[in-house]
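Only one structure is covered here, and it is reproduced in the block below.
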2 protein chains.
Amino acid sequence: MLHHQNINIAVDAIVIAYKEQQLFILLIQQKYGIYKGSWSLPGGFVLDGESLSGAVQRELKEEAGIKVNYLEQLYTFGDDVTRDPRGQVVSVAYFALVNPSKFKLQANTDAQDAQWFPANDLPSLAFDHAKIIDKAIERIKGKLMYQPIGFDLLNKEFAFSDLENLYKTILGKNIDRRNFRKKIMSFEILEETDKIQQIGSGRPAKMYRFKKSKYRQLEKEGFHFEIKFA
Amino acid sequence: MLHHQNINIAVDAIVIAYKEQQLFILLIQQKYGIYKGSWSLPGGFVLDGESLSGAVQRELKEEAGIKVNYLEQLYTFGDDVTRDPRGQVVSVAYFALVNPSKFKLQANTDAQDAQWFPANDLPSLAFDHAKIIDKAIERIKGKLMYQPIGFDLLNKEFAFSDLENLYKTILGKNIDRRNFRKKIMSFEILEETDKIQQIGSGRPAKMYRFKKSKYRQLEKEGFHFEIKFA
DNA sequence: ACAAAAGTGTTCGCTTTACACCCATGT
DNA sequence: ACATGGGTGTAAAGCGAACACTTTTGT
């Protein structure tokens, strides 16, 4: 070490999934220590020579056997020097999105202690993880309005109403179906598939795909995804 | 230390000032090491028991004798494991704004090696600091549109045209004076003083003050500062 | 009187909002 | 035939964009 420091550096991940009009967060049950038995965010110490995002991906694989499709740095928590009772730990939090295909956790890995919890019904959490989750939820709410991250929470093919419900769920308010559809459609970033969804009763829905390449191209041309609501 | 890690944690600060239609960034000349003589952002290792923002403030005081009026975490750089050639260092970058009263650096402190550089004419920088500055400039450009941070770069009392020029400078484009004034005034967050500014020729300008308390109150009521341009 | 910067309103077009009925399917 | 969710258009209001002359001072 360059300079002697009695501080550790860790990463934590807030992994978010969406299913049946609910947001879920991935938590891990602590096996040892004073927080034994309580739930916490997946994460751990960064290894020597390892990058921060690399550490996140490794921990997610080790602790939950999961690979995410969206990963972004959220915030670094280090202003509360006593956030970890064992010693000074600075934690770089990342926020991640997964689509429903990742929802069933493989029990074959180390992941026996990993579980999804509804975001609005979390158990009590170790460390300052409740605060970290709050910040992540704030971030996703904000981002939803000006970046097409909702698609990372849906299957590759989805009904329009799925997107609509996702927005309703995350923002916690009703949106006008007609205006919402008009807006999204005007961006021309959705591709209609030839499939239709048939579940339960009601008229079957056309399935759409998010055209990521089209979006990236529009972005380069100066286009900004942005949604406004009443 | 809880866990043996061969990684250090540091903070860096991007301190931004505005004067005469230019943005300036505070840099420090390196005294030792392989980057000796080249310029870098103020910053350094976090001390045991010290908070991250505390470390930033301490370094700014030590290295430049400066106290900032706006400080916000920018990003944590730790994905490039070799960003510091001496060893693995994760750096939490903060971005800070100061008003013109801080512009003259006291030469009595350690600050002999501190200097302001125009943001568009920087010397070559140590480490990955050029990249960090880019990110900070991006952030300030974005924030200017939806948060009233411009006021932190001006004196407490300022002419309206100062605000206008600040926006023109940072965004790098012309703005419509009438529309801009109309917009800002509609927020009712400025207070007219009884002073007038008289410099050189031309009609003297009324001086304004930013009503921070009024802004905070509006914010609580759900108001969002937001400016759009052509 | 002229140069220099401050101050001020109106019109036009686009975007946002509010709002309700028909369609396709299963039971 | 009815229940369920999918799919669609239009009018009014509000906001952003474009645009030029008058005022106050110094020289």
Side-chain angles (χ1 to χ4, degrees), chain A residues 19-21 144-146 150 154-155 157-169 171 173-209 218 222-230, chain B residues 19-21 144-146 150 154-155 157-169 171 173-209 218 222-230:
Chain A
K19 198 172 208 188
E20 287 155 17
Q21 333 239 119
L144 213 48
M145 308 307 282
Y146 64 91
L154 296 176
N155 286 313
E157 302 191 345
F158 53 88
F160 203 89
S161 61
D162 293 334
L163 188 63
E164 205 183 293
N165 284 322
L166 182 138
Y167 272 78
K168 258 198 262 190
T169 302
L171 300 176
K173 57 182 164 188
N174 278 342
I175 59 186
D176 184 288
R177 287 172 56 219
R178 278 179 286 191
N179 293 338
F180 180 72
R181 173 182 275 254
K182 215 185 315 169
K183 187 67 165 176
I184 298 283
M185 288 309 192
S186 74
F187 296 152
E188 300 188 301
I189 52 177
L190 292 193
E191 176 174 42
E192 201 172 315
T193 70
D194 50 0
K195 303 199 187 111
I196 54 170
Q197 181 183 54
Q198 183 57 47
I199 43 166
S201 67
R203 177 173 173 174
K206 288 179 206 158
M207 302 295 273
Y208 294 88
R209 246 194 306 267
L218 287 171
F223 161 82
H224 278 272
F225 181 94
E226 187 175 11
I227 302 176
K228 291 263 182 71
F229 293 116
Chain B
K19 198 172 208 189
E20 287 156 15
Q21 333 240 114
L144 213 49
M145 309 307 282
Y146 64 90
L154 295 176
N155 286 313
E157 302 191 344
F158 53 88
F160 203 90
S161 60
D162 293 334
L163 188 64
E164 203 183 295
N165 284 321
L166 183 140
Y167 272 79
K168 258 197 263 189
T169 302
L171 300 176
K173 58 181 165 187
N174 279 342
I175 59 186
D176 184 288
R177 288 171 55 221
R178 278 178 287 190
N179 292 340
F180 180 72
R181 175 182 273 253
K182 216 185 312 170
K183 188 66 165 174
I184 298 284
M185 287 310 192
S186 75
F187 296 152
E188 300 186 303
I189 53 176
L190 292 192
E191 174 173 44
E192 200 172 318
T193 71
D194 49 1
K195 301 201 189 111
I196 54 171
Q197 181 184 54
Q198 182 58 47
I199 42 166
S201 68
R203 179 171 172 174
K206 287 181 208 158
M207 302 294 274
Y208 294 88
R209 248 194 305 267
L218 287 171
F223 161 82
H224 278 272
F225 180 95
E226 187 175 12
I227 302 177
K228 292 263 182 70
F229 293 114

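Everything numeric here is computed off the predicted structure, so don't read it as measured data. Just so it is clear: chains get the letters A, B, ... in the order the sequence lines come, proteins before strands, and each one is counted from 1.
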Please find the earliest and latest nucleotides of DNA chain D, in the 5' to 3' direction, that have an atom within less than 4.0 Å of any heavy atom of chain B. D/dG16 to D/dG26
Tell me which residues in residues 181-189 of chain B put a heavy atom below 4.0 Å from DNA chain C, sorted by number, or none. B/R181, B/K182
5' to 3' on DNA chain C, which nucleotides open and close the contacts with chain B (atom under 4.0 Å from a heavy atom)? C/dA4 to C/dT10
When the aromatic ring centroids of B/Y146 and B/F225 are compared, is their separation below 6.0 Å? no
What pairs with A/Q21 under side-chain hydrogen bond (donor to acceptor under 3.5 Å, both in side chains), at least two apart in sequence or on another chain? A/N165
How long is the straight-line distance from NZ of A/K168 back to NZ of A/K173, given to the nearest 0.5 Å? 13.5 Å
Go through the structure and list residues passing side chain to side chain contact (heavy atoms under 4.5 Å, CB included) with A/L218, not counting sequence neighbours. A/I189, A/K214, A/E221, A/F223
Would you mind telling me which residue lines up with the more 5' stretch of DNA chain D, B/P204 or B/F229, judged by nearest nucleotide? B/F229
Using 0.5 Å steps for rounding, measure from the CE atom of A/M145 to the CD1 atom of A/I227. 6.5 Å
Report, as yes or no, whether the 6.0 Å neighbourhood of atom CD on A/E226 holds more than 12 heavy atoms from other residues, nucleotides or ligands. yes
State which residues pass ring-ring contact (aromatic ring centres under 6.0 Å, His included) with B/F180; sequence neighbours excluded, sorted by chain then number. B/F160, B/Y167
Can you name the closest pair of heavy atoms from B/P204 and B/I196 and give their distance? CB-CD1, 4.2 Å
List in numerical order all residues of residues 173-180 of chain A for which some heavy atom is under 4.0 Å away from an atom belonging to DNA chain C. A/D176, A/R178, A/N179
Scan for salt bridge (charged side-chain N to carboxylate O under 4.0 Å, His left out) pairs involving residues 181-192 of chain A, sequence neighbours excluded, and state none if there are none. A/E191-A/R209, A/E192-A/K206
Taking side-chain hydrogen bond (donor to acceptor under 3.5 Å, both in side chains) as the test, write out the residues that go with B/N155, two or more places apart. none
Sequence neighbours left out, what passes side chain to side chain contact (heavy atoms under 4.5 Å, CB included) with B/A159? Give chain and number order. B/S161, B/D162, B/Q197, B/A205, B/M207
My understanding is that only residues two or more places apart in sequence, or in another chain, count here; which of them pass salt bridge (Lys or Arg N to Asp or Glu O under 4.0 Å) with A/K228? none
